[in-house]
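Heads up, the thing below is written out as C-alpha cells.
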Amino acid sequence: VTVPGGSEAMGEAALAVRDRVVALRFPLATVGASDARADTEAIVRQFDDHVLPRLANLDAPALVVVGGSTGSGKSLLVNSVLRAGVSRSGVLRPTTRCPVLVHHPDSATWFAVGGILPGLARVTGTEAEQGEMGREIRLVSSTSLPAGIALLDAPDFDSVDAENRAMATQLLAAADVWVFVTTAARYSDAVPWSFLKQARDRDTPMVLVLNRVPPEAREEVSAHLASLLKENGLGEVSILPVDEQDFEGTRLPEAMVAPLREWLEHLGSDHDARMAAVRRSLRGSLAELLVRGESLANTADDQASLVHSFTASVDENYADAAAAVRAAIAQGSVLRGEVLARWEEFVGTGELLRQLRTGIGRFRDVVAGALTGRPKTAEKLNGTVEGVVESLIRAHSDEAAAKSYAQWMANPMMAPLKERVSAELGRSSASLPLATEKLVRQWQGSLLEVVRTRGAERRMTARVLSLGVNGVSAVLMMLVFSHTGGLSGGEVAVAGGASAAGHAMLEALLGDENLRKMATSAREDLEQRVATLYASEKARFHEELRALGIDADAGKGLREDLSALKKALK
Amino acid sequence: MSLRETVRDTLRADGSKGPNKSDGFEAADQLRSRLSLLDEVLEAGSGRFPTDLADRAEALSVNAAARLGHGTSFTVVALAGATGSGKSSMFNALAGADLAPSSAIRPTTSVARAAVFGDGGQSLLDWLDIGQRHRLGAGSGSPEGAGPNNAEPNANHDPAGANANELDGLILLDLPDHDSTAAAHKLEVERLVQVVDVFCWVVDPQKYADAALHEEYLQRFAGHGAVTVVALNQIDRLNAEERRSCTADLQKLLTDDGFVGVRIVPTSATTGEGVNDLRRELSARVAERRAVVKRIDADVDWVASELFGATGDATPGQVSKAARSTMIDAAIDVSGIDAAADAVGAAYRYRASLQAGWPPVRWMKRLKPDPLRRLGLGSSSSGDGARAGSGSGSGTPVATIDSISVRRSSLPAASSLANAALASAGRDLVASSAEGLPELWVQRIDGSVQGSLGDLPDEIDRAIGTTTLPVSPARWWTIVGVLQSLFTLALVAGLAWLGVLFALGWFRIPEPPTPKLGAFPLPTLLALVGGLAGFLLSVVVRKAASIGGHRRTVAARSQLGGVVGRVVDGHVIAPVNMELSVLTDVSGLVRKLQR
C-alpha cells in the first residue's frame, strides 16, 4: 500500500482534478453527455465526501456504510449489532429515510460538519427522524462501537423514493467499507448487483449479509450467492447469512449477528487491518475516478469539437454570403431592372451631359425638383442603387442566418439549444436594415471623399463638383458594379453602353489610371464593409455558443490534472 | 367472420346476465369502431408520428385484432411480479396442483407457463407462444391434478374439479420475474404484458415499494386499472396491525402510480390464506368475459393520449393569402418574366412607329433592332417577318407576327438577389403555415417546400415555354399608316409642285396658273398641310403607341404572372395545403379516438 499518510502532493493533485471537474459543462446532447453531467456531480461528491477528507486525515475512523435494498432489514441489523434502538425498523417501505451515523464519542469531531459528507447537515437526538425529510444525517454517539469505526445506516437504493436512492448512492460512494445487506428474495435482483459491480470496480472492502434466509434453504441459497459472487469477480467477499426470523421483537438473536459484530470489532480495534482497508478503498476510489475522469475528458472534447464545428459552419455560411455578395457585384447583378432603368433615365435625359457641360446643372436641378416635386434623376438612381445593394446584403445575411439556424436545429445534439435560442436567431438581427443603410451611405461618402481628393490632385475639383455630388457617386457606383463586366442576355448592350459612357466621362475627368484604381479600391471598400457587417451578424451565433460555457481546453486540462494525480498515486 | 361478429358471438355465448349483455355489445361495438379509427389515424398519419410511437400503435392494432380473433371465450390472466414474491407458489395454489417448481434459489421461473381451465384455447396459447401448458378441469381432466395436491398443506384449497368449474375459461400464466439480473426474463415479461387480458401483480411485504415494479410497470399500466388485480402475498409474515398499515401503504403507492380503484387482495400462497378471495376475483372476471375488450380499450386510451401528445392541440389552417402572394412575387422575380413583358411593350411601340410613324423619319427606326429579337424572343416566323420588313422598306410585313412564345433561355438569368428572396419567401411560407405545429410536422412542411422550391424554376420554365404572348398589330396602325401615306403623298406632291414652279420661275418660263384654295396656293397648302398633319399625327401615334405598349406590357405581365402563379399554386402551395389538411384530418381523428 503506497498511499503515504497525508501526502500533500496527492491532496493537491486530487483537489486540482476536483476543481477541474466542477468547472466542466456538458450542455449539448452529445453521446454520453447526460451521463457525464450526472457523473460530474457524482465525482465531485466523491472527492468532497470521501477522497479529500480521507487524504487530509488517513487515521480518522473508518466509515462503514450499511447499504442494501428496501425491506432487507438494514436497520434491524444495525440496532441488533449495537444492541440499541438507533434506527427505526418496520414493515412500511421504505422505512429508513434519514441516514443514521453511529460513532464512538471520541471521534465526534471528525464526523461533525466539515469533514466527510460536507453536503449533508447534521442533526442529533434520538428518533428525531420523523421530522422533515431533508439532506441531513442523524448523528448518534455510542460506546458499543470501537473508536476506530463508525457505522452508517443508509436508506435503500431501490424503492420508489428517488431521494432515498440518490442518498444511498452518495453514501455508498463515500464509504471506506461496505456492509451490503440483501435477502434470500433479493439476492439476484438487478439493482443490488449494479452496486456490487460498482464496489468491485472501486475495490471497496466489503462484507455481504444475506438476511431473511429461510433456515431450510440456508445452504442452498448461500452456495448459489457465493457462486454468483465468484462469477462476477467478487469471490473474496464473505457472506454472513442471517435466518428469517418469525418474531415480533426489535433485535435479531445474538447468535445471528455475532459474526458481523466480530468482523466490525476486528476492523475497529486492529489498526493495521483498518488502515489497510481505508487505503485500499481510497486507492480504489482514486483509480476509478481516474477512469471516470478520462471518460469525462473525452465527453468534454466531444462537446468542444461540436461547438468548434458549429462555429466553423456559421463562419462558412457567412463567408458564403459575403462571397455571394461579391459575386453578385462582380457579375453585374446589381445592374438590372430598376437600376438600369434609372441609369438610362439619368443618361438618356441628358442630365448627366448637361450637368457636365454647365456648372449650373445642380442649381437648375434643385429648382426644377422643387417646382415639379419630382426627385432628380441622379437622386433616383442613387436611391435605387442603394436599395438594390442594401437588399442584396440583407438577403444574403438572411440566408446565412436561416441556414446556420437550420443547421443547429437539425442536429439532435444541439437540441438543448432550442430552449435557449429564440427563432429570432434564424433571421438577420433587427438592426440590420438600419446598419445596411448606414453601410451603403458611408461607402458612398468615402467614395466621394476619394473622388474629391483625387480630383483635387488633378485640379478637377470644380468640374467634378459641378457634376453634383449625387451625379459623381452615381457614375462611380455604376462603374464599380459594371467594371468587371460579365453581364448576360440583352442587357449587355445597354449596360455595357451605359458603363462605357460613364467610363469615358470619368476617364476624361479623372484619368484612366486613377479611375481603375478608384474602381478597384471602391469595390474592395464595399466588400470590407460587408465583411465587417457580417462579422457582427455572425457574432450573435458565436455569442450563443459561447454562452454554453464550454471550455475548448477543458478536456486537455482535465487530462493533464488526471495524469498528475496518477503520478502522485504512484 | 368479421371482427365485430367474432366479438358479438363470443359475447352471446355468455347470456346469463341480461343488462350486462347489452352493455357488452355496446362495449365491443365501440371497441371495434375505435380500433378501425386507430387504423385510420395510422394510415392517414403515416410518417407523421414519431417512429417508435407509430410502431407501438401499429403493434397494438395488430395485437388487438389477433387477440379479438381468438374470441373472448378464454380470459388470459398473468401472474407478474418481482423475483421471490411468490408468483409460482400462487400459480400452484390457484391451480390446486404443483405445476410450477418454486424454489429458494432466485430467480426461479425463467419461461412463462400456462394453466388452462376448460377445453380449447390451443390457438390462443399458440399465439401467446406459451410452450409449457397444463390443462385442468372438466373435459380432459388432469391426472396429476389431485395427486401432489395433498402433499402441500393447502387446507383451504378446493378440490381440482370444483376449481375447474369456477375458473372455466381461464388461462393463467406464470410469468418470470422482471427485476433479476437475468435480462431474458424481463424480455419475456415485456412481451407478455403487451398481450394478456388481466394483470395480477403479485407483490410481497419486502418488495412492494420497489422502484423496478412501480416505475417500469405499474405507472405505465396505471390506465389498465379495470383489468388489474394486486395480490399482496406472503401476508402470513405480518401481524394484523402490520397487514393493515402495509395494505394502506401499498394502496397509497398505487394511487400515486395513477391507479383508480384497484383491488388489493392479501394472500398467502403457503398458508392458503386469501387464495380463495383471489380465485373469486379472477373467476368473476373470467365469467364476465369482458376483460379482453377492457384491456384493449385501455390500450387504445393510452395510445390515443400519446398520439394526441404528438399531434398537439394545433389546428392547422391553410396557406395564408399573404404568404402565397409573397411566394408568387418572389417566383415572378426569379422567372425574369418582367423582361419579356417589357419587351412586348417595347415591341409594340417599335412596330407602331414602323407602321404608323411619320414616314420621313421612319427609316431611322429601322436602324434599331426589334426589342423582341434583342431578347431572342419570338418564333422563326417573327424573325422572317422582321427581316422582310427591314428589307422592303414598306411597313406591312411586320404585322404578320401575331404572337411570340417565350423561352426561358431567352430571359435573363435569375439574380442571386431574386434567388435569396425566393428562399426567404419559402421560409416565410413554412413559418406562417406551420406555426404552432409539432416539430415533426414542421419538418414535413419544410421538406415539402424546400423540395418544391428546388425545381420550381424548371417548372416555371416549362409552363412559360408553352405560353404564347399576343403581339398582334393594332388595327389603327393600318388606318393611320394609310393616313400617314396620304399626308406624305400630299407633302411630296406639294413640294414637287412647288419645285416645278420654282424651276419654271428660275428658267423664266411663265408659270401656269396655280390653283388657289382661298388665299393660299394649292401646292403650298398641300406641302404645309401634309407636313404638319403628318408630324402632328406622328406625335399622336407616339403617345398612343406608348399607351398601347404600356397596356401590352401590363397584359403580358399579368398573363405570365398568372402562369407563374398557377405553377406556384400547383407546385408549392398545393402540397403544403394538402399536408396541412392531412394534419387537420389526423388531429381530428386523434381527438375523436381520444374521446
Side-chain angles (χ1 to χ4, degrees), chain A residues 69-73 90-94 156-162 165 183-191 193 212-214 216-218 220-221 224 228 244 246 248 324-325 327-328 331 333-334 336-337 388 391-392 394-396 398-399 402 406 409-410 423 426-427 488-491 493, chain B residues 82-86 103-107 177 179-183 186 204-215 234 237-239 242-243 245-246 248-250 253 256-257 333 336 338-339 343 371 374-376 410-413 415-421 423-424 427 431 439 443 446:
Chain A
S69 303
T70 178
S72 60
V91 293
L92 298 190
R93 308 275 161 251
D156 71 273
F157 49 59
D158 56 1
S159 82
V160 281
D161 192 323
R165 280 182 269 157
T183 68
R186 289 263 186 207
Y187 72 88
S188 66
D189 280 13
V191 180
W193 274 101
R212 302 190 140 186
V213 187
E216 69 275 8
R218 191 195 300 153
E220 193 185 5
V221 171
H224 188 221
L228 287 178
E244 173 84 67
D246 192 15
E248 311 240 326
V325 170
Q331 286 162 11
S333 299
V334 176
R336 284 216 165 88
V388 171
S391 39
L392 184 69
R394 284 219 296 271
H396 287 291
D398 285 348
E399 187 84 27
M409 293 301 120
R427 293 186 276 274
S488 63
E491 282 165 321
Chain B
T83 174
S85 289
S103 150
I105 298 288
R106 306 263 76 86
D177 67 274
D179 64 346
S180 79
T181 48
K186 193 169 172 173
D204 67 287
Q206 205 187 128
K207 287 187 153 187
Y208 75 85
D210 275 17
L213 175 69
H214 289 273
E215 291 181 0
Q234 301 178 6
R237 301 196 177 171
L238 305 176
N239 63 30
E242 285 171 341
R243 284 180 191 194
S245 57
C246 193
D249 195 38
L250 175 56
L253 287 176
D256 289 349
D257 288 338
D333 274 356
D338 277 355
R374 209 171 70 190
L375 271 185
S410 61
L411 297 178
S415 70
S416 63
L417 190 61
N419 280 326
S424 160
R427 285 192 295 274
E439 187 65 28
Q443 279 171 16
D446 189 49

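What you see is a predicted model; the values in this text were computed from it and never measured. Chain A is the first sequence line, chain B the second, and so forth, proteins listed ahead of strands; every chain is numbered from 1.
- Looking at A:E216, there are no atoms closer than 4.5 Å to chain B (heavy atoms on both sides), in backbone or side chain.
- Looking at A:D158 and A:R186, a side-chain N of the basic residue comes within less than 4.0 Å of a carboxylate O on the acidic one, giving a salt bridge.
- Nearest heavy atoms, B:S245 versus B:E242: OG-O, 3.2 Å.
- Annotation for B:D210 and B:Q206: closest pair OD1-O, 4.5 Å, computed over non-hydrogen atoms.
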**Message:** Quick one, B:E215 with A:R165, criterion salt bridge (charged side-chain N to carboxylate O under 4.0 Å, His left out). Give me CA distance, side-chain angles, the key distance, then yes/no.
**Reply:** CA-CA 13 Å; B:E215 291 181 0; A:R165 280 182 269 157; 2.5 Å; yes

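- Annotation: maximal heavy-atom pairing with chain B below 4.5 Å, among A:S72, A:A162, A:A185, A:S391, occurs at A:A185.
- No part of B:S85 comes within reach of chain A, as not one of its non-hydrogen atoms sits under 4.5 angstrom from that chain.
- Between chain B and the residues A:V191, A:T183, A:V213, the most heavy-atom pairs under 4.5 angstrom are made by A:T183.
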**Message:** Determine whether B:S180 and B:K186 satisfy the following criterion, side-chain contact (heavy atoms from CB on, under 4.5 Å), listing intermediate values before the conclusion.
**Reply:** CA-CA 8 Å; B:S180 79; B:K186 193 169 172 173; over 6 Å; no

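- Taking B:L253, B:L250, B:D249, B:D179 one by one and counting their heavy-atom pairs under 4.5 Å with chain A, the maximum is reached by B:D179.
- The part of B:E439 that comes within reach of chain A is its side chain, from C-beta onward, which places non-hydrogen atoms under 4.5 angstrom from that chain.
- The greatest number of non-hydrogen atom pairs below 4.5 Å with chain A, out of B:C246, B:A104, B:G84, B:A209, is found for B:A209.
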**Item:** B:R427 and A:E399: CA distance, side-chain angles, deciding distance, side-chain contact (heavy atoms from CB on, under 4.5 Å) verdict
**Value:** CA-CA 10 Å; B:R427 285 192 295 274; A:E399 187 84 27; 4.1 Å; yes

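- B:P205 touches chain A through its backbone: at least one of N, CA, C or O sits under 4.5 Å from a heavy atom, while the side chain does not.
- Both the backbone and the side chain of B:K207 come within less than 4.5 Å of a heavy atom of chain A.
- Between B:D204 and B:R237 there is no side-chain heavy-atom pair separated by less than 4.5 Å.
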